[in-house]
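Please read the structure below before turning to the comments.
The residues of the chain are indexed from 1 along the displayed sequence. Scope of the values below: all heavy atoms of this structure, side chains included, with no hydrogens, waters or symmetry mates.
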Amino acid sequence: MSNISTIATAVERRATVSTGDGVELAVREYGPREAELTVVLVHGHCLRSESWTDVRDELVGQYPGARVVCYDHRGHGDSAMASRQTYHLEQLGHDLRDVLDAVAPTGPVVLVGHSMGGMTVLTYVGQNRHEIGTRIVGVGLIATAASGLADAGFGRLLRNPFISGFQAAVRRAPRLMQQVKLLACKVFAPVVRAAEFGDGKVSPRVLTLAAAMHNATSIVTMASFLSSFMTYDRTDVLAELSKIPTMILCGSADLMTPPSHSVAMAAAVDYADLVLIDGAGHSVILEQPRQVAEVIARLLTRASDTSTVNRTDLALAA
C-alpha cells in the first residue's frame, strides 16, 4: 500500500523486515527505488520514524536523487515488541544490519541518526568497520554522543539511584508502571518540553507529535534501554570516520546531549562538518527541520562526490 505525503515526490513504500531473532521492524522508503545513493534516518529513544517526517519531506525536495529509508526500532512505533533483554545498543546495530540487507543490499549508504539513533549508527559502524568508505560513504550524528552520557546535562540523572529502582519496578509491575507513566507524562509535560526543546517558540503541532510518540512507547522499552546508555562508549569509532564525510549537528540549547558532546566528537573526526543550531534543543529535527535537511543534503553531496571518486579509482586500478 502506498500513501502520498504532502510533498508530491515523497511516495511512501511500506515493508516489514524480520530481524535475526525474529522481531518484525516497520520500514518506510521514499524516493526512487533505483537511486545511486541511499540515506537511512534512524530515530531516537521513545520516538518513531515519524519524528523525521518534516526533515524527510524537506530532504526529498532538496535532494530528490536519493532514496530515503526510515524504520522503527524494536519496541517502538509500528515495530514489534521484543524481549527486554534485547533492548540495548548492540542489538540495535544488528537490527540496522538486517534493515540494510533487506532494503538496500547493494550500493553506497549514508547513515544519519538522531539521539539514540546516532548511537545506533556509531554502534553499527563499530560492528562493520570494513564497510567504512566502501559501503558506508557518509555519517550524520544529530543531538547525540559517543560516550559519557551520564557526565553532562540531563544525562546525569542516569547516575541517580532512582533509575535502578524505576527499572526494578517496571520489571515487577509493567502494566501498573505503564499507567503511572501516562499520568506522569501529563504532570511533567512542562519539564519534558524544557528538556526536549530549545528556547524558541515551538508549534502546537510539533509538541503534540512529540507527546504522542513518547506516550505511545511502552514503559518496558523506555526503562530497558537506560542500562545500555550507562555503559555506552563508541569513541573508538570516531577516528575511522575521518575516512568518509561526517556531519555532527546539535542545538545550542540541548539539555539532553549538550553541545559539549558534539564538539568532542567533531574534534576526533578529521574534516567533520560541525553545525550548532542556535536556540534549538534536543528535538532539533522537529524544531528546525529545514535547517537540518539542508545540512543532511550537504552531507549527501559530499558523500556522493567522494563515492564517485572512489568508484573511479577502483575502475582505474582494475
Practice item. Please report the C-alpha distance between Val40 and Val110 in whole Å, then the side-chain angles of each, then the deciding distance to 0.1 Å, and finally whether the side chain to side chain contact (heavy atoms under 4.5 Å, CB included) criterion is met. Key: CA-CA 6 Å; Val40 183; Val110 173; over 6 Å; no
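- Atom OG of Ser262 and atom CD1 of Ile248 lie 6.5 Å apart (nearest 0.5 Å).
- Checked against Met116 for a side chain to side chain contact (heavy atoms under 4.5 Å, CB included), the options Leu47, Leu92, Thr144 give a single hit: Leu92.
- Because its NZ or CZ atom is both nearer than 6.0 Å to the ring centre of Tyr30 and within 45° of the ring axis, Arg56 counts as a cation-pi partner of that residue.
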Exercise for review: Please test Val137 against Val109 for side chain to side chain contact (heavy atoms under 4.5 Å, CB included), starting from the C-alpha separation and ending with a verdict.
Suggested key: CA-CA 6 Å; Val137 298; Val109 174; over 6 Å; no
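- Between Arg302 and Asp273, the shortest heavy-atom distance links the atoms NH1-CB, 3.7 Å.
- Salt-bridge formation is not detected for the pair Asp57/Arg290: no Lys NZ or Arg NE/NH1/NH2 atom is positioned less than 4.0 Å from an Asp or Glu carboxylate oxygen.
- A pairwise comparison of heavy atoms in Gly279 and Ala253 identifies O-CB, 3.9 Å as the closest pair.
- With hydrogens and angles left out, the side-chain atoms of Arg67 and Thr38 include a donor and acceptor closer than 3.5 Å.
- Note: His282 and His114 meet the aromatic proximity criterion, with ring centroids under 6.0 Å apart.
- Side chains of Thr19 and Asp98: no donor on one and acceptor on the other come within 3.5 Å.
- The nearest pair of heavy atoms linking Pro32 to Pro64 is CD-O, 3.5 Å.
- No continuous path of hydrophobic side-chain contacts links Tyr271 to Met265 [ILVMFWY only; heavy atoms under 4.5 Å].
- Separation of atoms CG (Asp54) and CD1 (Ile285) is listed at 9.5 Å; rounding is to 0.5 Å.
- Contact check on Asp78 versus Arg28 returns a salt bridge, with a Lys/Arg side-chain nitrogen under 4.0 Å from an Asp/Glu carboxylate oxygen.
- Considering every non-hydrogen atom in both Glu12 and Arg14, the closest pair reads OE1-NE, 2.8 Å.
- Closest of all the heavy-atom pairs between Met230 and Ala150 is SD-CB, 4.1 Å.
- The minimum heavy-atom distance linking Leu299 with Pro245 is given by the pair CD1-O, 3.6 Å.
- Sparse packing is recorded around CD of Glu34, with 12 or fewer heavy atoms of other residues, nucleotides or ligands lying under 6.0 Å away.
- Not a single donor-acceptor pair under 3.5 Å links the side chain of Ser224 to the backbone N or O of Thr221.
- A salt bridge links Glu90 with Arg234: the distance from a Lys NZ or Arg NE/NH1/NH2 to an Asp or Glu carboxylate oxygen falls below 4.0 Å.
- From Ile219, atom CD1 reaches atom CZ of Arg171 across 12.5 Å, with rounding to the nearest 0.5 Å.
- Ion pairing between a basic and an acidic side chain is recognised when a charged N comes within 4.0 Å of a carboxylate O; Glu131 and Arg129 show no such pairing.
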Review point. Between Trp52 and Leu59, is a side chain to side chain contact (heavy atoms under 4.5 Å, CB included) present by the stated rule, with each step listed?
Key: CA-CA 10 Å; Trp52 289 106; Leu59 187 60; over 6 Å; no
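- Paired with Met247 under the rule side chain to side chain contact (heavy atoms under 4.5 Å, CB included), one option of Val139, Ile296, Leu274 passes, and it is Ile296.
- Ring orientation note: the planes of Phe225 and Phe229 are close to parallel, at an angle under 30° on the 30°/60° scale.
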Review point. Run the side chain to side chain contact (heavy atoms under 4.5 Å, CB included) check on Val99 and Asp95 step by step: do they pass?
Key: CA-CA 6 Å; Val99 170; Asp95 289 350; 5.6 Å; no
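- With values rounded to the nearest 0.5 angstrom, Met222 atom CE is found 4.0 Å from Cys46 atom SG.
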